[in-house]
Amino acid sequence: MSGLGFRDYLFDGPLDAVRVVREITGSETVNTVSICLGGTLTALGLAYNAAQDDPSIGSATFINTHTDFTEPGVLGAFTDENTIAALETQMARKGYLDSSQMARTFSTLRANDLIFQYVINNWLLGNKPPAFDLLAWNADSTRMPARMHGEYLRSCYLRNEFSRGEFEINGELLDPSRVDVDSYIVAAVDDHVVPWTSSYKTTHLLGGDSRFVLSTSGHIAGIVNPPSPKAKHWVNEAHSGDPHEWKAAAELRDGTWWLDWATWLADRAGAKQPAPPALGNATYPPLDDAPGVYVQEEA
């Protein structure tokens with residue numbers, strides 16, 4: 001897979017998933033939910049569909065997603081020309097970026113929480129790490145094909161092509177303002193990977209009506225945000241140009257943002273229908289019982 005590029009991930013990822021779901025369900029449109037890099041790819045897909053007059057995505061939910069990379073956060077320290085060139089040379093030897101290296105990079109962004117506290121508690125004091133479900137998710141890291149990762153870093157972090165209308169697919173420049181579907185945008189106030197102020201930019205970059213909701217916690221816990229006394233989120237119907245102005249005027253509500261999203265999505269999901277008698281269809285049969293074989297694989 002070393003030769004697969006960023007555009008391969010777009011066409012064989014979210015756009016192909018939408019196609020398959022439509023074929024299985026018979027639905028004309030699909031409501032997408034995307035996280036982080038998946039959201040970036042979906043935003044590109046929406047702009048590509050707009051250029052093709054393809055209405056197959058009915059609404060889009062973006063969670064902790066960059067679409068405009070002018071505020072890359074701490075990751076910007078790893079995405080200058082020299083660093084990317086050195087990383088490309090390293091990836092060329094094996095054809096991919098190893099998952100452990102990716103994990104170390106993200107851990108470095110929050111070194112006190114994700115590195116040094118374990119050095120003290122586990123290595124120096126000999127304490128066994130407590131079981132923590134979110135850390136299991138955090139440890140499920142991903143290998144990145146060499147070409148794809150290089151193109152992603154250059155096109156998005158280094159040149160910010162999509163927000164500038166310079167991202168090209170098949171000879172056509174994508175225009176994010178042509179996207180006319182409704183979007184629900186979730187950010188996390190303590191996100192160290194995608195600063196919430198960067199997520200907010202999507203409200204002004206894409207066309208269509210958008211709703212922005214700010215969750216508590218960070219990149220992962222802000223997504224999970226289970227119902228509890230600690231669960232809170234900010235909402236504000238107005239979208240000023242300044243995200244800090246938006247937050248200053250926002251209402252802090254008790255409860256998880258998922259309930260707000262469920263209401264928003266229900267208004268765009270059509271009438272309820274009986275569940276199908278079986279999963280998949282003749283062309284796309286189920287591969288395995290839940291939770292699938294993926295959980296048994298090790299990167």
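Quantities reported herein were computed from a predicted structural model and do not represent experimental measurements. Every heavy atom of this structure was used, including side-chain atoms; hydrogens, water molecules and symmetry mates were not.
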Discussion item. Just so I know, are the side chains of L158 and E81 near enough to count as touching, which here means a heavy-atom distance under 4.5 Å?
Written reply: yes
Worksheet item: Between N64 and H219, is there a donor-acceptor pair closer than 3.5 Å when you use the side chain of the first and the backbone of the second?
Response: yes
Discussion item. Is it true that, when you exclude L287 itself, more than 12 heavy atoms of the residues, nucleotides or ligands shown sit nearer than 6.0 Å to its CG?
Written reply: no
Discussion item. Checking the side chain of T89 only, and the main-chain atoms of A85 only, is there a donor and an acceptor separated by less than 3.5 Å?
Written reply: yes
Worksheet entry | Side-chain (N121) to main-chain (N127) donor-acceptor, under 3.5 angstrom | no
Practice prompt. Only pairs at least two apart or in different chains count here, so list each salt bridge (charged side-chain N to carboxylate O under 4.0 Å, His left out) that has a residue in residues 274-292.
Written response: none
Practice prompt. Answer yes or no: is there a side-chain heavy-atom contact under 4.5 Å between E168 and L174?
Written response: no
Worksheet entry | Exercise: do T256 and N225 side chains pair donor with acceptor under 3.5 Å | yes
Worksheet item: Y184 and V224: same hydrophobic cluster, using ILVMFWY side-chain contacts below 4.5 Å?
Response: yes
Discussion item. I'd like to know whether T29 forms a side-chain contact (heavy atoms from CB on, under 4.5 Å) with I57, so could you lay out the CA-CA distance, the side-chain angles of the two residues, the decisive distance to 0.1 Å, and finally the verdict.
Written reply: CA-CA 5 Å; T29 60; I57 296 179; over 6 Å; no
Worksheet item: Quick one: salt bridge (charged side-chain N to carboxylate O under 4.0 Å, His left out) pairs with a partner in residues 27-47, sequence neighbours left out?
Response: none
Worksheet entry | Closest approach of G150 to E88 (non-hydrogen atoms, all atoms of both residues) | CA-OE2, 3.7 Å
Worksheet item: Could you go step by step and tell me if I169 and F6 meet the side-chain contact (heavy atoms from CB on, under 4.5 Å) rule?
Response: CA-CA 10 Å; I169 291 182; F6 199 48; over 6 Å; no
Worksheet item: Heavy-atom distance under 4.5 Å between the side chains of T61 and N31, does that happen here?
Response: no
Worksheet item: Does the side chain of D190 come within less than 4.5 Å of S217's, by heavy atoms?
Response: no
Worksheet entry | Inter-residue atom distance W258.CH2 - S215.OG, 0.5 Å rounding | 10.5 Å
Worksheet item: Any side-chain heavy atom of I84 within less than 4.5 Å of one from F78?
Response: no
Worksheet, complete the sentence: Across all chains, not counting sequence neighbours, the salt bridge (Lys or Arg N to Asp or Glu O under 4.0 Å) partners of R19 are D16, E23
Response to the item:
Across all chains, not counting sequence neighbours, the side-chain contact (heavy atoms from CB on, under 4.5 Å) partners of L4 are M1, D8
Worksheet item: Do L75 and L97 belong to the same hydrophobic cluster, where Ile, Leu, Val, Met, Phe, Trp and Tyr are linked whenever their side-chain heavy atoms lie under 4.5 Å apart, directly or via other members?
Response: yes
Practice prompt. For W196 and V186, indicate whether the former's side chain and the latter's backbone hold a donor-acceptor pair under 3.5 Å.
Written response: no
Response to the item:
Residues pairing under salt bridge (charged side-chain N to carboxylate O under 4.0 Å, His left out) where one sits in residues 59-73, two or more places apart or in two chains, turn out to be E71-K201
Item to complete: Report the residues that fulfil side-chain contact (heavy atoms from CB on, under 4.5 Å) with A250, sequence neighbours left out, ordered by chain and then residue number.
Response: W234, N236, W246
Worksheet item: What's the spacing between S163 OG and F69 CZ if we round to 0.5 Å?
Response: 9.0 Å
Practice prompt. Verify, without hydrogens or angle tests, whether D209 (side chain) and S183 (backbone) share a donor-acceptor contact under 3.5 angstrom.
Written response: no
Worksheet item: What residue pairs, at least two apart or across chains, pass salt bridge (charged side-chain N to carboxylate O under 4.0 Å, His left out) with a residue in residues 216-232?
Response: K232-D254
Fill in: Partner residues of V235 under the side-chain contact (heavy atoms from CB on, under 4.5 Å) criterion, sequence neighbours left out
R211, V213, H233, E251, R253, D260
Discussion item. Would you compute the distance between atom CE of M148 and atom CE of M91 and round it to the nearest 0.5 angstrom?
Written reply: 10.0 Å
Worksheet item: Can you list every pair that meets side chain to side chain donor-acceptor pair (under 3.5 Å) and has a residue in residues 263-272, with sequence neighbours left out?
Response: D182-R268
Response to the item:
Checking F167, Y9, Y157 against Y152 for ring pair (Phe, Tyr, Trp, His ring centres under 6.0 Å), the one that qualifies is Y157
Fill in: Short side-chain to backbone donor-acceptor contact, T83 and T79, under 3.5 Å
no
Worksheet item: In the hydrophobic clustering that connects Ile, Leu, Val, Met, Phe, Trp and Tyr at side-chain heavy-atom distances below 4.5 Å, which members other than Y284 occupy its cluster, ordered by chain and number?
Response: V20, I24
Worksheet item: Can you name the closest pair of heavy atoms from A188 and L214 and give their distance?
Response: C-CD1, 3.9 Å
Worksheet item: Would you say the side-chain atoms of T32 and T42 include a donor-acceptor pair closer than 3.5 Å?
Response: no
Practice prompt. Would you indicate whether the side-chain heavy atoms of T202 and T67 approach each other to under 4.5 Å?
Written response: yes
Discussion item. Looking at A275, is its backbone amide N or carbonyl O close enough to the side chain of Q273 to form a donor-acceptor pair, meaning the two atoms are under 3.5 Å apart?
Written reply: no
Practice prompt. Please check if the side chain of T65 supplies one atom and the backbone of I63 the other of a donor-acceptor pair under 3.5 Å.
Written response: yes
Worksheet item: side-chain contact (heavy atoms from CB on, under 4.5 Å) with T25: which residues, sequence neighbours excluded?
Response: V21, S27
Discussion item. Filter on ring-ring contact (aromatic ring centres under 6.0 Å, His included), then keep only pairs touching residues 15-49, sequence neighbours left out; what's left?
Written reply: F11-Y48
Discussion item. Within the structure provided, determine whether F162 and S155 are in side-chain contact (heavy-atom separation under 4.5 Å).
Written reply: no
Worksheet item: Which class fits the ring pair H204 and Y200: parallel under 30°, tilted 30 to 60°, perpendicular over 60°?
Response: tilted
Worksheet entry | Gap between atom CD1 of I220 and atom CD1 of I35 - 0.5 Å precision | 9.5 Å
Fill in: pair K247-V189: side-chain heavy atoms closer than 4.5 Å
yes
Worksheet, complete the sentence: In this structure, CG of D98 is separated from OG1 of T142 (nearest 0.5 Å) by 11.0 Å
Discussion item. If hydrophobic clusters are built by linking Ile, Leu, Val, Met, Phe, Trp and Tyr wherever their side-chain heavy atoms come under 4.5 Å apart, do Y96 and L87 end up in the same one?
Written reply: no
